[in-house]
Amino acid sequence: MAKVNFNLRDANSKTETRINCVIRYNNLKLVYPTGITINPKSWNSEKQEIKNNTDKEIQLTNLRTAVLTVFNRFKTENKRNPSIEELRDALNIETGRTQSAVKLDLFAYITSIS
């Protein structure tokens, strides 16, 4: 099972800094950017959550859910844990950062070019 935490990229910053999602499993670690920035004064490091910003906190909760969903789906479909690259690629697809490659059969290919 994957463990998901959130950390500030620079907890000592005087200005806004990025929040990273840190995913650990089987002695592997993936640091995945959330795309969310906050002032460190607004971060509760003990609870790993944002103080007084419901919208950004919902985004973090949704990302945590996506990570666990992607991880478990991969494990179920492939009967093994994903590599760091496989997990990153699957998360990029799940979060819309990258589109999945669609495999076309011959009929679909012919239809797509006509």
Side-chain angles (χ1 to χ4, degrees):
M1 177 58 105
K3 183 176 180 184
V4 181
N5 294 311
F6 294 101
N7 298 327
L8 296 181
R9 182 170 185 202
D10 181 6
N12 298 318
S13 176
K14 301 296 181 203
T15 61
E16 287 202 350
T17 188
R18 293 183 179 157
I19 301 173
N20 286 325
C21 178
V22 181
I23 307 155
R24 290 184 173 92
Y25 60 97
N26 290 358
N27 295 323
L28 297 174
K29 175 180 160 183
L30 170 61
V31 178
Y32 192 78
T34 65
I36 302 169
T37 60
I38 63 157
N39 189 307
K41 293 177 183 177
S42 300
W43 181 252
N44 183 333
S45 59
E46 290 179 19
K47 294 182 179 181
Q48 297 181 353
E49 65 185 19
I50 301 169
K51 301 175 191 174
N52 303 323
N53 192 321
T54 307
D55 292 336
K56 289 183 178 182
E57 190 60 41
I58 289 171
Q59 291 175 0
L60 292 181
T61 300
N62 290 342
L63 181 58
R64 180 187 308 270
T65 301
V67 167
L68 296 174
T69 299
V70 165
F71 183 87
N72 291 329
R73 182 184 318 135
F74 186 96
K75 191 170 181 175
T76 300
E77 291 174 359
N78 298 286
K79 309 291 188 243
R80 65 177 175 83
N81 288 332
S83 68
I84 294 295
E85 294 79 19
E86 290 169 327
L87 181 58
R88 181 183 296 112
D89 291 345
L91 281 171
N92 284 340
I93 292 167
E94 184 76 17
T95 60
R97 294 181 185 178
T98 316
Q99 294 183 359
S100 64
V102 178
K103 296 181 181 178
L104 298 177
D105 61 15
L106 181 59
F107 181 74
Y109 175 74
I110 293 170
T111 305
S112 73
I113 61 170
S114 47

| query | Which distance, rounded to the nearest 0.5 Å, do you find between the OG of Ser45 and the CZ of Phe6? | reply | 15.0 Å
| Smallest separation among heavy atoms of Arg24 and Val22, with atom names | NH1-CG1, 3.5 Å
| query | Do Val70 and Val31 share a hydrophobic cluster (ILVMFWY, side-chain heavy atoms under 4.5 Å, transitive)? | reply | no
| query | Heavy-atom distance under 4.5 Å between the side chains of Asn12 and Pro40, does that happen here? | reply | no
| request: Look up atom CG in Asn5 and atom CD1 in Ile23, then write down how far apart they are to the nearest 0.5 Å. | output: 10.0 Å
| remark: Rounded to the nearest 0.5 Å, the CZ atom of Arg88 sits from the CZ atom of Arg97 at a distance of 11.0 Å
| message | Holding to side-chain hydrogen bond (donor to acceptor under 3.5 Å, both in side chains), I want the full list of residues that pass it with Tyr25, two or more places apart in sequence or in another chain. | response | none
| Would you say Asn92 and Tyr32 make side-chain contact, with heavy atoms under 4.5 Å? | yes
| request: Nearest 0.5 Å please: distance from the CD1 atom of Ile38 over to the CZ atom of Arg18. | output: 13.5 Å
| query | Counting heavy atoms not belonging to Asn52, are there more than 12 under 6.0 Å from its CG? | reply | no
| said: Heavy-atom count check: over 12 atoms from other residues, nucleotides or ligands less than 6.0 Å from Lys51 NZ? | reply: yes
| task | Check salt bridge (Lys or Arg N to Asp or Glu O under 4.0 Å) between Arg73 and all other residues, then give those that pass, not counting sequence neighbours. | result | Glu94
| task | For residues Glu16 and Asn39, report the shortest heavy-atom separation together with the two atoms involved. | result | CG-N, 3.8 Å
| field | Contact summary for Ile19 and Thr34, nearest pair of heavy atoms | value | O-OG1, 2.6 Å
| query | Between Arg80 and Glu86, is a side-chain contact (heavy atoms from CB on, under 4.5 Å) present by the stated rule, with each step listed? | reply | CA-CA 11 Å; Arg80 65 177 175 83; Glu86 290 169 327; 2.8 Å; yes
| query | Within the distance-only criterion (no hydrogens, no angle test), does the side chain of Thr17 pair as donor or acceptor with the backbone N or O of Ser13 below 3.5 angstrom? | reply | no
| field | Shortest non-hydrogen separation from Ala2 to Phe71 and the atoms involved | value | N-CE2, 3.8 Å
| Checking Asn26 side chain against Leu28 main chain: does a donor-acceptor pair fall under 3.5 Å? | no
| Nearest non-hydrogen partners of Lys56 and Ile50, listed with the distance | CB-CD1, 3.4 Å
| field | Non-hydrogen side-chain atoms of Thr61 and Glu57 separated by less than 4.5 Å | value | yes
| request: Output the distance between atom CD (Gln59) and atom OG1 (Thr95), rounded to the nearest 0.5 Å. | output: 12.0 Å
| Euclidean distance, Trp43 CH2 relative to Asn7 CG, rounded to 0.5 Å | 7.0 Å
| said: Test of understanding: clusters of I, L, V, M, F, W, Y form through side-chain heavy atoms closer than 4.5 Å, transitively. Do Leu87 and Ile93 belong to the same one? | reply: no
| task | Decide yes or no for Ile36 and Leu63: does some side-chain heavy atom of the first lie under 4.5 Å from some side-chain heavy atom of the second? | result | no
| note | Residues Arg64 and Val4: closest non-hydrogen pair is NH1-O, 2.7 Å
| Would you say Val67 and Cys21 make side-chain contact, with heavy atoms under 4.5 Å? | yes
| message | So, using side-chain hydrogen bond (donor to acceptor under 3.5 Å, both in side chains) as the criterion, who are the partners of Ser42 when residues are at least two apart? | response | none
